[in-house]
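As structure tokens, the structure follows; a few thoughts come after it.
Numbered from 1 within each chain, the chains take letters A, B, ... in sequence-line order. Note that these values count all heavy atoms, side chains included, but never hydrogens, waters or copies made by symmetry.
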2 protein chains.
Amino acid sequence: MTKIETLSDSSNFALGRLRALLDDGRFAADQRLPPERVLATQIGIGRRALRRALEVLEAEGRIWRHQGKGTFVGPRPVDPQTGLEELSSRTNPLEVMDVRLEIEPILARLAALRASNGDVERLLHLAEKTASSSDADGYELWDSALHRAIAEAAGNSLLLAIFDMVDRIRQDVNWQVLRERARSKDRLSRYVEQHRRVIAAISQREAHAAERAMREHLELVRQSLLTVMTRPAQPDGSLSQNDFNDTKDELRHGT
Amino acid sequence: MTKIETLSDSSNFALGRLRALLDDGRFAADQRLPPERVLATQIGIGRRALRRALEVLEAEGRIWRHQGKGTFVGPRPVDPQTGLEELSSRTNPLEVMDVRLEIEPILARLAALRASNGDVERLLHLAEKTASSSDADGYELWDSALHRAIAEAAGNSLLLAIFDMVDRIRQDVNWQVLRERARSKDRLSRYVEQHRRVIAAISQREAHAAERAMREHLELVRQSLLTVMTRPAQPDGSLSQNDFNDTKDELRHGT
DNA sequence: CACCCGAACCAATTTGCAAATGGTTTCATG
DNA sequence: CATGAAACCATTTGCAAATTGGTTCGGGTG
């Protein structure tokens, strides 16, 4: 019923035939249709007209085609590999930061409740590494390890998998430029201090304090990211600052 | 330096040679080593001795091997497919429920702030479907669609991907038995009422109320799961109730 | 007897090639 | 100008041969 007026007579005829075939159930889901050349002769039209009809059906999601494979009934199956890449392309740094701001405070809270003494020791060791790393690259490495160690200490394999997924997205996408611009000696030292507070809360089993400390830390990271992102585009930064505050409030828990 | 005493002379010699090769950097990361047959003749030992040495290196995570592919330097790459299955085998229903209890209230809160009017309409429609579905299977279907619609309305593609990941785990693993036992007419009607409250809060843009309503809903779901899980093993349920309360408190936000 | 080596065999993978298939262009036709 | 037929390109499949790790066996050496 769609796009009939834009299609030629033959294509329209073929479209009707194909719709009938699909509705009849003669072609079950996930089944491969005959090759275009065969199907064209069966229906009695040329390949060009057939392909136009198939394009319509594909756009409707009723079939999917792939070169070399064939034409299949049903929606296009999702490949986890392409799924990740597609996700990387659809998301953006702010979204990732928002998610970190939601997830990692939870992990810090759980870590405060469930971390073993060995976990705490490891966190302290990693915090020391971040503090003593001279160059920004070294800091980045130890910082990443520290955040993951907290996620491990939370003791929930599913949440850990979620953390890893977010982390992979964060690294995969080419926002390294942003991160490079976002790190300065000043900020790094503040990060180190915030890390200390998070780990102190975890070691003292103060769940709420750990959660809040991690949220404060990530808020600063988020702010750094925002200033770096918006500075080149909008030098005065007034609008972007407003936007930042709005979004930040949205993400705060209503307490 | 490890397991030397348990290895024979030739294997030990090969181990040293291989360690030297790997440390030299002559074989970069992800590079394929020569076939075992070649490597054995190069070093001047038999395949058996070589393979024992390779086993040690593989156990240390310095190399990984696969039949037909070869031997490679570095840690074994993670396949998203096997990664998912491995995760399914490592987690358990309670862990999944804990994660839902953390994630979905966030999604409800964001949905209250960002849902379009069309989103709200869709939620209302789905809620009606769950309420009017007669059999438990139908309810399950519409319930799943409703929860995902809320996740979509939150407007964060990464969080949506996380929700889908948790949902896939929840469905993949064979805990359907539990879910079947956990659903009764009584509980379902309470769920429907809780859904109404969540959606009402979203439609009225009351973020905190939406978050709390969703948390209350999932707590009831969690409790149903727990009673079903523990009832067969411990009929009186006293210990399991304590365990439930402990874990529930751990997961509550400290306010 | 313990250990090693070589060989053979098994299982999984890669490679090379032909065939199949969707995607595209060309061309003659009415 | 659209149509249909044909030809060509790019990707995939299917198959056989070669490659490679995994395993077993037998002979040799100390």
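When rounded to the nearest whole Å, the span between CD1 of A:Ile45 and C1' of D:dA2 equals 14 Å. Rounded to whole Å, the distance from CG on A:Leu39 to P on D:dA5 is 14 Å. Here D:dA6 presents its P atom at 16 Å from CG of A:Leu50, a figure rounded to the nearest Å.
More than 12 heavy-atom neighbours from other residues, nucleotides or ligands sit within 6.0 angstrom of CD on B:Gln42. Around the CD atom of B:Glu128, the shell of radius 6.0 Å holds no more than 12 heavy atoms that belong to other residues, nucleotides or ligands.
A:His195 and A:Tyr139 have parallel rings, their planes meeting at less than 30° on a 0 to 90° scale where 60° marks the start of perpendicular.
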### Query
After noting the C-alpha distance and the side-chain angles of B:Glu36 and B:Thr71, does the key distance pass the side-chain hydrogen bond (donor to acceptor under 3.5 Å, both in side chains) rule?
CA-CA 8 Å; B:Glu36 290 183 354; B:Thr71 306; 4.8 Å; no

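Across all their heavy atoms, A:Leu218 and A:Arg100 have their closest contact at CD1-O, 3.3 Å.
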## Note on the structure
Counting primed atoms, P, OP1 and OP2 as sugar-phosphate and everything else as base, the B/S/- map of nucleotides 7-23 of chain C against protein heavy atoms under 4.0 Å is -BB-BBSS------BBB

